[in-house]
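Bear in mind the structure is a predicted one, so any value in this text is a computation, not a measurement.
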Amino acid sequence: MLKKSSLVLWGVVLFVAWNALLLFFLWTRPPAFDDHSHLTEEVVRLAQDAELELEHQKDLLRQIHRYSALWSKKRKKVEEAGRLPPPAAASNAGALPATEAVPHRPRASPAAVLPVVVIACDRSTVRRCLDKLLHYRPSRERFPIIVSQDCGHEETARVIASYGEAVMHIKQPDLSNIAVPTDHRKFQGYYKIARHYRWALSQVFRTFQYQAAIVVEDDLEVAPDFFEYFQAAFPLLLADPSLWCVSAWNDNGKEQMVEAGRPELLYRTDFFPGLGWLLLSELWDELEPKWPRAFWDDWMRQPEQRRSRSCIRPEVSRTMTFGRKGVSHGQFFDQYLKFIKLNDRFVPFTQLDLSYLKKEEYERSFLPKVYGAPELRVEELQGNQRRELGTVRVQYSSRDSFKAFAKALGVMDDLKSGVPRAGYRGIVSFLYRGRRVYLAPPSDWTGYDPSWS
């Protein structure tokens with residue numbers, strides 16, 4: 001009854017507003033204005049504008065009605081799983097302003113619901129992403145899927161809508177162009193992506209009030225144990241303040257560079273990998289007020305945001321990208337991204353003890369392995385010499401030596417604020433010709449130099 005009354009009230013408000021707009025135009029037009037044909041055109045134009053706005057509001061009301069029913073249906077199950085109760089309705093009305101005070105929320109429960117937020121735009125191939133997510137998802141209640149769409153692309157919207165209640169479809173309301181510096185005109189897409197991320201994450205953490213979320217993009221395919229991995233790593237994120245994310249991605253995850261027979265291997269990394277990552281609402285509380293206008297992922301890699309925190313990442317990636325075309329115009333895809341190995345074995349991570357990934361325990365075991373390994377020159381590795389040594393270490397001492405050695409060994413050689421991809425304390429772990437190699441700085445390493453970029 002309350003819902004019907006609200007809908008009637010909306011209709012009355014919109015009807016009165018439309019008529020008031022028309023009367024205002026007629027009362028305020030100049031008295032000497034006697035061009036009746038032009039007046040008619042203006043009235044028709046105003047009526048069309050009002051009709052468009054009315055349709056937009058109707059669409060919002062339909063979504064509110066639909067999602068209210070879904071929330072009511074699932075509310076008890078969700079609360080029992082450890083999530084704060086959501087507001088009565090979900091809408092596209094936009095996120096709360098960044099300046100509005102955010103009430104303190106308790107740290108998430110290890111049993112909290114982990115929604116998967118799919119960032120979508122104009123790729124109708126989002127179906128491939130959603131099909132795999134739905135195929136491998138172990139629980140609809142524990143892992144709801146929210147597809148946030150920007151761009152207003154109708155074909156993509158139809159594909160998402162075809163999944164019905166299996167996914168929640170929300171739409172970024174601001175599709176306008178963004179004023180950018182002249183030399184950034186070609187980067188307009190990156191500005192829109194940053195705006196969309198901010199809106200989508202604010203919906204998840206402010207409007208829906210989830211305490212954590214897994215973020216993927218519409219061109220990612222997930223592994224069979226994608227959900228198992230995040231479910232198991234989530235308690236680590238809660239327990240260890242030196243962590244700020246869990247990622248499904250290994251930047252050096254080409255098939256010949258990973259130990260595919262040991263998909264259970266996990267590492268700490270100081271490099272923000274993205275490409276399928278878990279964050280807590282607490283982190284969004286911290287990042288939202290200063291969220292960048294563009295290039296959000298590289299912004300995340302700056303010291304001011306990272307604040308010496310690390311992420312968990314796998315030996316074998318739990319996501320792979322199939323989106324060759326995008327705002328980066330296929331940069332790195334043909335020569336690199338399409339060769340990333342996607343894990344195809346299910347690892348029961350929730351049955352494993354992952355406490356070794358906590359900072360103190362990890363460094364007690366990982367650093368001795370690295371610096372206890374015999375040192376080898378790059379030329380010896382390339383010549384496949386001294387195989388009897390097994391795991392070895394290649395030491396670099398400068399930005400130039402790192403880049404030269406990385407390039408020679410097939411490792412990603414770019415640095416962001418001085419941090420190498422997949423690196424931890426400057427150490428990059430990978431396979432080269434079937435043996436483990438640590439590309440590492442000296443053992444007296446004192447920290448990253450942001451000028452190494």
After noting the C-alpha distance and the side-chain angles of Q302 and S453, does the key distance pass the side chain to side chain contact (heavy atoms under 4.5 Å, CB included) rule?
CA-CA 11 Å; Q302 295 172 358; S453 293; over 6 Å; no
Closest heavy-atom contact between R425 and Y448?
N-OH, 3.0 Å
Apply the test side chain to side chain contact (heavy atoms under 4.5 Å, CB included) to residues M257 and V411: give CA-CA distance (whole Å), side-chain angles for both, the deciding distance (0.1 Å), then the verdict.
CA-CA 9 Å; M257 298 180 69; V411 173; 3.7 Å; yes
Does any part of the side chain of K403, heavy atoms only, come nearer than 4.5 Å to the side chain of L415, both counted from C-beta?
yes
Whether the side chain of D218 engages the backbone of V126 through a donor-acceptor N/O pair (distance < 3.5 Å, no angle test) should be reported.
no
Heavy-atom side-chain proximity of L352 to V347 below 4.5 angstrom
yes
Value rounded to 0.5 Å, distance of CG in L236 from CG in L357
6.0 Å
Which is it for L376 and R435 under the side chain to side chain contact (heavy atoms under 4.5 Å, CB included) test, yes or no, and what are the steps along the way?
CA-CA 12 Å; L376 213 61; R435 62 175 161 176; 3.7 Å; yes
Does G423 offer a backbone N or O that forms a donor-acceptor pair with the side chain of T269 under 3.5 Å?
yes
Can you tell me how far the OH atom of Y356 sits from the OG atom of S365, to the nearest 0.5 Å?
9.0 Å
With a 4.0 Å cut-off on N to O distance, would you call R301 and D298 a salt bridge?
yes
Side chain of R318, backbone of F226: donor and acceptor closer than 3.5 Å?
no
Short question: side chain of Y432, backbone of Q256 - any donor-acceptor pair under 3.5 Å?
no
Considering all heavy atoms of both residues, which atom of V222 and which atom of Y136 are nearest to each other, and what is their separation?
O-CE1, 3.6 Å
Hey, are the side chains of K254 and F430 touching, using non-hydrogen atoms and a 4.5 Å cut-off?
no
Salt bridge flag under 4.0 Å for residues K192 and D174
no
Using a strict cut-off of less than 4.0 Å between a Lys/Arg side-chain nitrogen and an Asp/Glu carboxylate oxygen, indicate whether E259 and R436 qualify as a salt bridge.
yes
Could you pull out the closest heavy-atom pair between G276 and V216, with the gap in Å?
CA-CG1, 4.0 Å
For atom CZ of R387, is the number of surrounding heavy atoms from other residues, nucleotides or ligands below 6.0 Å larger than 12?
yes
Would a 4.5 Å heavy-atom cut-off, applied to side chains only, mark Y438 and T391 as touching?
yes
Salt bridge between R309 and E282, side-chain N to carboxylate O under 4.0 Å?
no
Report yes or no: does S310 contribute a side-chain atom to a donor-acceptor pair with the main-chain N or O of L243 at less than 3.5 Å?
no
Using 0.5 Å steps for rounding, measure from the CD1 atom of I214 to the OG atom of S247.
11.5 Å
Stepwise, does the side-chain hydrogen bond (donor to acceptor under 3.5 Å, both in side chains) test hold for S398 with D400?
CA-CA 5 Å; S398 67; D400 290 342; 5.4 Å; no
Give me the one residue out of D414, D270, D413 that meets salt bridge (Lys or Arg N to Asp or Glu O under 4.0 Å) with R421.
D414
Any carboxylate oxygen within less than 4.0 angstrom of a Lys/Arg side-chain nitrogen, looking at K359 and E361?
no
Distance under 6.0 Å and angle within 45° of ring axis: R128 vs F322:
yes
Under the 3.5 angstrom rule, does the side chain of S317 hit a backbone N or O of N250 as a donor-acceptor pair?
yes
When every non-hydrogen atom of D225 is compared with those of F349, the smallest separation belongs to OD2-CE1, 3.7 Å
Which pair of heavy atoms, one from R127 and one from S162, lies closest together, and at what distance?
NH2-OG, 3.6 Å
Nearest-0.5 Å distance, CD of residue Q209 to OG of residue S281
9.5 Å
In the structure I gave you, are the side-chain heavy atoms of P314 and N343 within less than 4.5 Å of one another anywhere?
no
Would a 4.5 Å heavy-atom cut-off, applied to side chains only, mark V117 and Y210 as touching?
no
Residue E154 excluded, over 12 heavy atoms near CD under 6.0 Å:
no
Indicate yes or no for a side-chain donor-acceptor contact from H196 to the backbone of S148 under 3.5 Å, with no hydrogens or angles considered.
yes
Determine yes or no for a side-chain-to-main-chain donor-acceptor pair under 3.5 angstrom, with T319 supplying the side chain and L275 the backbone.
yes
Between F227 and F143, ring centroids under 6.0 Å:
yes
Flag for Q395-Y371: side-chain donor and acceptor within less than 3.5 Å:
no
Are the side chains of F205 and D285 in contact, using a 4.5 Å heavy-atom criterion?
no
May I ask you to decide whether E304 forms a salt bridge with K290, counting only side-chain N to carboxylate O separations under 4.0 Å?
no
Non-neighbouring partners of W249 that pass side chain to side chain donor-acceptor pair (under 3.5 Å), sequence neighbours left out
D251
For E255, look at atom CD and say whether over 12 heavy atoms of other residues, nucleotides or ligands are found less than 6.0 Å away.
no
Please evaluate residues F230 and F234 with respect to the criterion ring-ring contact (aromatic ring centres under 6.0 Å, His included), reporting the C-alpha separation (whole Å), side-chain torsions for both, the decisive distance (0.1 Å), and the verdict.
CA-CA 6 Å; F230 281 113; F234 177 53; 10.0 Å; no
May I ask you to test the I146-F208 pair for a side-chain heavy-atom distance under 4.5 Å?
yes
Whether the Y163 and D131 side chains hold a donor-acceptor pair (N or O, under 3.5 Å, no angle test) is what I'd like checked.
yes
Just how far is it from atom CG of L130 to atom OG1 of T125, taken to the nearest 0.5 Å?
10.0 Å
Would you kindly say whether T350 and E228 are connected by a side-chain donor-acceptor distance under 3.5 Å?
yes
Can you classify the ring geometry of W296 versus W291 as parallel (below 30°), tilted (30 to 60°) or perpendicular (above 60°)?
parallel
How long is the gap from CZ on F271 to OG on S417, to the nearest 0.5 Å?
9.0 Å
Give the intermediate values and the outcome of side chain to side chain contact (heavy atoms under 4.5 Å, CB included) for residues E288 and L201.
CA-CA 9 Å; E288 184 189 26; L201 291 176; over 6 Å; no
Row check, Y267 ring normal vs R313 NZ/CZ: under 6.0 Å, within 45°:
yes
Would T156 and D122 count as a side-chain hydrogen bond (donor to acceptor under 3.5 Å, both in side chains) here? Give the steps.
CA-CA 6 Å; T156 302; D122 58 358; 6.0 Å; no
Which label fits H184 and F187: parallel for a plane angle under 30°, tilted from 30 to 60°, or perpendicular past 60°?
perpendicular
Can you give me the closest heavy-atom contact between V258 and E315, atom names plus distance?
CG1-O, 3.2 Å
